[in-house]
Protein chains: 2
Amino acid sequence: MSEKMSVKERIVETTARLFYHQGFNNTGINQIIAEANIAIGSLYNHFKSKEDLLLNYLEQEEITFFSNLDLFMKDEQKPEKKLLKFIDYRIQLQKQAGYSGCHFIKINAEIGRENEKVATRVINHKQKQRDYLKNLIQSFDSNSNLSKENLANIIFLMIEGAVASSSIKGNTQDLEVLRKTILELI
Amino acid sequence: MSEKMSVKERIVETTARLFYHQGFNNTGINQIIAEANIAIGSLYNHFKSKEDLLLNYLEQEEITFFSNLDLFMKDEQKPEKKLLKFIDYRIQLQKQAGYSGCHFIKINAEIGRENEKVATRVINHKQKQRDYLKNLIQSFDSNSNLSKENLANIIFLMIEGAVASSSIKGNTQDLEVLRKTILELI
DNA sequence: GTCTATAAGGAGATAGAC
DNA sequence: GTCTATCTCCTTATAGAC
């Protein structure tokens, strides 16, 4: 971690890394301050609780996911290729992340829907992905009898399943199979 | 919990309930012994560690999942109806579980692939579900250009995504949409 | 704003009585 | 086999010096 990062930036970076790769419940405040190389008083100066750290983490991941997606997609115009490129994006993310799955599914699996703020952020993130796919698929020529909305939902679910499988198996095999066959389904 | 259950049965029942609904890392030994109404010495007489409890939990869930599936399917012969019934099974499980998702995906999300024994049990469970679907789809008349194996994998991934979505949204909406449209895809 | 020291309670696990 | 008492370490969070 760069020495030039501010205390707050080091907290945010370390928290994100540990919550994602090691789990929220399995990551202690003490480990965060040790790896961020800061004092515990500084952490509680910037964030009022561990839950506050979690909510900030989810907000940042939400922003990062879609801004990086826009960058990844920016030079592609053809709808068919954009759909493949969306899958490429999730393949790339999994490879970079050491096949650790989806940030939001992991948090949902760990803490369920009991915390309303967390549950809302997870639902909203997944709905945004669905809407992104729906918009993309609207401009398709499709042979399917299914509605575009129905198709978008089905495709979204396949990708979600393939990302979950990526975390289980430690590879992107299912995402790649999906990429090869998805255009035949729609 | 029945007073007639043995100490070991009460440990197993309580552990399964808490690990599933509350999470592995979020469930302490002290809570298990309190809710099972046993002494901590008794727990460590039957299981040598918390990891041992976890491995036993996954083994039991594996057995329960497929034996209950066989019971659920036993009177249905037509492949098309069996496929729908497989989805019905997962809908029923989610409704009974208060939409808490898949036991194995949750554990993978919580502790990753670092523990080899746990990782193997998760992989094997998911592979068994895939094989079950593959066998079922082999006997289909399909209009699709995709291979039966490819179709089985795609369908498996859709169901997995819909179960994950069930846990996020607290309903079975995606599983039900999937049930309605799946026969048109194959 | 960042730091150290510490509170108050919970974690997993063991020893040894009965 | 089941129990109580206890060990050691770690958890989140706060107080108050600089």
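Note: NE2 (A/His46) to C1' (C/dC3) measures 12 Å, nearest angstrom. The nearest whole Å value for the distance from the CD1 atom in A/Ile11 to the C1' atom in C/dT2 is 10 Å. Between the P atom of C/dT2 and the CE atom of A/Met5 lies a distance of 13 Å, rounded to the nearest Å. Here the C1' atom of nucleotide C/dG1 and the NZ atom of A/Lys8 are 13 Å apart, to the nearest Å. Straight-line distance from the CG atom of A/Leu54 to the C1' atom of D/dT12: 15 Å, rounded to whole Å. For the pair B/Leu43 CG and D/dT4 C1', the interatomic distance rounds to 15 Å; values are reported in whole Å. Residue B/Glu9 contributes atom CD, which lies 15 Å from atom C1' of D/dG1 at whole-angstrom precision. In this structure, B/Ile33 places its CD1 atom 15 Å from C1' of D/dG1, rounding to the nearest Å.
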- [ ] Determine which bases of DNA chain C form Watson-Crick or G-U wobble pairs with both distances under 3.5 Å, and write the result as a 5' to 3' dot-bracket string with | for other-strand partners.
- [x] ||||||||||||||||||
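With sequence neighbours excluded, no residue forms a side chain to side chain donor-acceptor pair (under 3.5 Å) with A/Ser42. Under the rule for a ring-ring contact (aromatic ring centres under 6.0 Å, His included), the partners of A/Tyr20 that lie at least two apart in sequence or sit in another chain are A/His103. For A/Phe24, the ring-ring contact (aromatic ring centres under 6.0 Å, His included) partners at least two apart in sequence or on another chain are A/Phe19. Among residues two or more places apart in sequence or in another chain, the ring-ring contact (aromatic ring centres under 6.0 Å, His included) test is passed with A/Phe72 by A/Tyr89. A/Phe47 pairs by the ring-ring contact (aromatic ring centres under 6.0 Å, His included) definition with nothing, not counting sequence neighbours. Annotation: salt bridge (Lys or Arg N to Asp or Glu O under 4.0 Å) contacts of A/Glu149 (sequence neighbours excluded): A/Lys134.
The distance from atom CG of B/Asn153 to atom OG1 of A/Thr181, rounded to the nearest 0.5 Å, is 9.0 Å.
Residue pairs meeting the ring-ring contact (aromatic ring centres under 6.0 Å, His included) criterion with at least one member in residues 127-153 of chain A, sequence neighbours excluded: A/Phe86-A/Tyr132. Residue pairs that meet the ring-ring contact (aromatic ring centres under 6.0 Å, His included) test with at least one member in residues 106-130 of chain B, sequence neighbours left out, are B/Phe65-B/His125, B/Phe66-B/His125, B/Phe104-B/His125. Applying the salt bridge (Lys or Arg N to Asp or Glu O under 4.0 Å) test to residues at least two apart or on different chains, the pairs with a partner in residues 111-128 of chain A are A/Glu59-A/Arg121, A/Glu62-A/Lys128, A/Lys126-A/Glu160.
Near DNA chain D, meaning a heavy atom under 4.0 Å away, there are no residues from residues 109-122 of chain B.
In summary, B/Lys169 and B/Glu176 do not engage in a salt bridge, as defined by a charged side-chain N under 4.0 Å from a carboxylate O.
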TODO: Using a 4.0 Å heavy-atom cut-off, write out nucleotides 4-18 of chain C from 5' to 3' as B (base contacted by protein), S (sugar-phosphate only) or - (no contact).
DONE: BB-----BSBB----
